[in-house]
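Report on one structure; see the data block that follows.
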Amino acid sequence: MDVQDPRMRSLLRQANKVADSGKRAAAEQLYRQLLEEDSEVAEAWFGLGQVLNDATEQKAAYQKALALNPEYAEAVRALAELRGEPVPAWAEAAIVEEEEEEPEVETAVPPQKSSVHEHTAVSVADEEVYEFVCYRHPNRPTSLRCYNCGKPICSSCAIKTPVGYSCPDCIREKEDVFFTAKPTDYIIAPVIGLVLSLVAGYLVSRFTLGGGFFTYIIMFFVGGIAGRFIGQLSKQAIGRRRGRYLPQVMVSMLILGTAIWILPYLLVGGFGSLIIFLGPGIFLFVAGGALYSYMK
Ligand SMILES: [Zn+2]
Ligand SMILES: [Zn+2]
C-alpha cells in the first residue's frame, strides 16, 4: 500500500523525518494534521503510534493502521511488542525483507509517474539543505518551524514574534481569543464616544480657552477622568469586547469631538495665538492616553 497523493507523501516523509530526529511532539502534530486531511493513510497511523507516549493511544493508532492494511508488518510487530506477545514470524520476515529493499525503494520510482518523479527528485535534493517543506506550500523547502505548534513554514508564511517565528494559524488563533469585537461594536462604541467627546469638548473649550496655569492643572485631572469615563461607558455598551482598532477609533472620536469646538477659535485667532489652546491640548493629551489604554 502506497500513498499516491504527492502532497500527502511529502507530508508523511516530513513527519517521519521529524520523528526520526526525536522531536516527538512536533511529529505527532504533523501526523495528526495529515490524518485530519486523509484518515486512511495507514503509514501515518503507524507513525503516530511510534511517537505517542500513552500505551493505550499507541495501541489504538496501530490498530487503525492494521484496519487499513492488515498486512502492515511493522504495525503488527509494534502492536505485538506493546502487548508483550510474540511477533508473528511472517511479520518479522517481511520487515527484514523490506529493510533490505529499502535503498532501492527510495530512489527507484516507477517510470510511468514521471511528473511525480520529477517533483520527488527535486524535494529529495532540496531536503539535503532544508529540513522540511512549508505546510501551506508543499513545494517550498524550508528549515523554519513555528515556535508554537512546530509546523514547518516557509519564509513568506513565517510571522516574526518576540518569542520566535509563528505560523499564520497560530497567530490567528491567538488573535481570535483576544479580539472578540463584532462589526456592530465598531459603530456603537464610536457613536457613544463621539457624543460624550462632544459634550466634554464643549465644556473644556468653554472653560479653558485662554485659561492660565490653574486651568492646566485641572485639565490634567479632568482629562484622566473624562478619558476613563468615555472608555468605561462605551466598553460597557459593547459587552466589554475588544477590537483590534477600537482604541485608535475611540481616540479619533475624542479628538474630533473636542476639535470641533476649538476650530472656530483657531480660524479666527490663527496659529499665532496657539497658547490659548494649551488647556484643551492638555485635556486631549491626557484624556486620549487614558481612553486608549482603557480600550486596549
Ligand atoms: Zn509557505
Ligand atoms: Zn503554528
Side-chain angles (χ1 to χ4, degrees), residues 2-54 57-58 60-61 64-65 106 109 113-183 241-247 296:
D2 235 343
V3 187
Q4 293 299 330
D5 180 21
R7 180 176 142 70
M8 285 297 166
R9 248 213 325 249
S10 150
L11 274 173
L12 185 64
R13 202 174 39 218
Q14 195 180 308
N16 289 341
K17 215 163 178 175
V18 173
D20 286 345
S21 68
K23 294 164 190 159
R24 295 164 72 101
E28 182 187 337
Q29 186 98 26
L30 288 168
Y31 285 125
R32 288 199 189 279
Q33 185 195 336
L34 200 157
L35 287 166
E36 218 167 88
E37 281 184 53
D38 183 356
S39 61
E40 310 239 302
V41 182
E43 286 88 342
W45 283 113
F46 173 72
L48 182 65
Q50 299 275 85
V51 295
L52 285 170
N53 292 318
D54 182 76
E57 284 183 61
Q58 272 184 303
K64 287 260 194 190
E106 280 286 312
V109 177
K113 292 188 238 164
S114 70
S115 67
V116 172
H117 177 93
E118 268 167 44
H119 177 90
T120 315
V122 168
S123 35
V124 165
D126 283 339
E127 268 171 16
E128 283 166 17
V129 188
Y130 301 104
E131 260 182 290
F132 320 108
V133 287
C134 176
Y135 80 100
R136 300 168 83 210
H137 305 99
N139 55 346
R140 282 193 207 165
T142 180
S143 51
L144 282 180
R145 298 227 326 256
C146 170
Y147 81 90
N148 188 50
C149 67
K151 277 186 296 211
I153 32 177
C154 72
S155 54
S156 57
C157 292
I159 298 156
K160 210 175 171 184
T161 75
V163 267
Y165 286 100
S166 175
C167 73
D169 289 348
C170 287
I171 293 277
R172 209 165 306 133
E173 228 166 79
K174 289 208 179 96
E175 284 178 352
D176 285 349
V177 171
F178 191 74
F179 296 122
T180 50
K182 299 173 186 168
R241 284 182 290 270
R242 283 195 179 93
R244 191 195 302 260
Y245 307 108
L246 264 183
K296 253 189 128 170

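Note that ligands are numbered from 1 as they come in the structure, with each ligand's atoms numbered from 1 the same way.
- With the Zn ion (ligand 2) as the vertex, SG of C167 and SG of C146 span 120° to the nearest 10°.
- A donor and an acceptor atom, one from each side chain of Y165 and N148, are nowhere located under 3.5 Å apart.
- Atom ND1 is the N/O/S atom of H137 found closest to the Zn ion (ligand 1).
- In this structure, W45 contributes its side chain and Y31 its backbone to no donor-acceptor pair below 3.5 Å.
- In the model, S155 has no side-chain atom that pairs as donor or acceptor with a side-chain atom of R140 under 3.5 Å.
- The shortest distance between side-chain heavy atoms of P141 and F132 does not fall below 4.5 Å.
- Seen from the Zn ion (ligand 1), atom SG on C134 and atom SG on C157 lie at an angle near 110° (rounded to 10 degrees).
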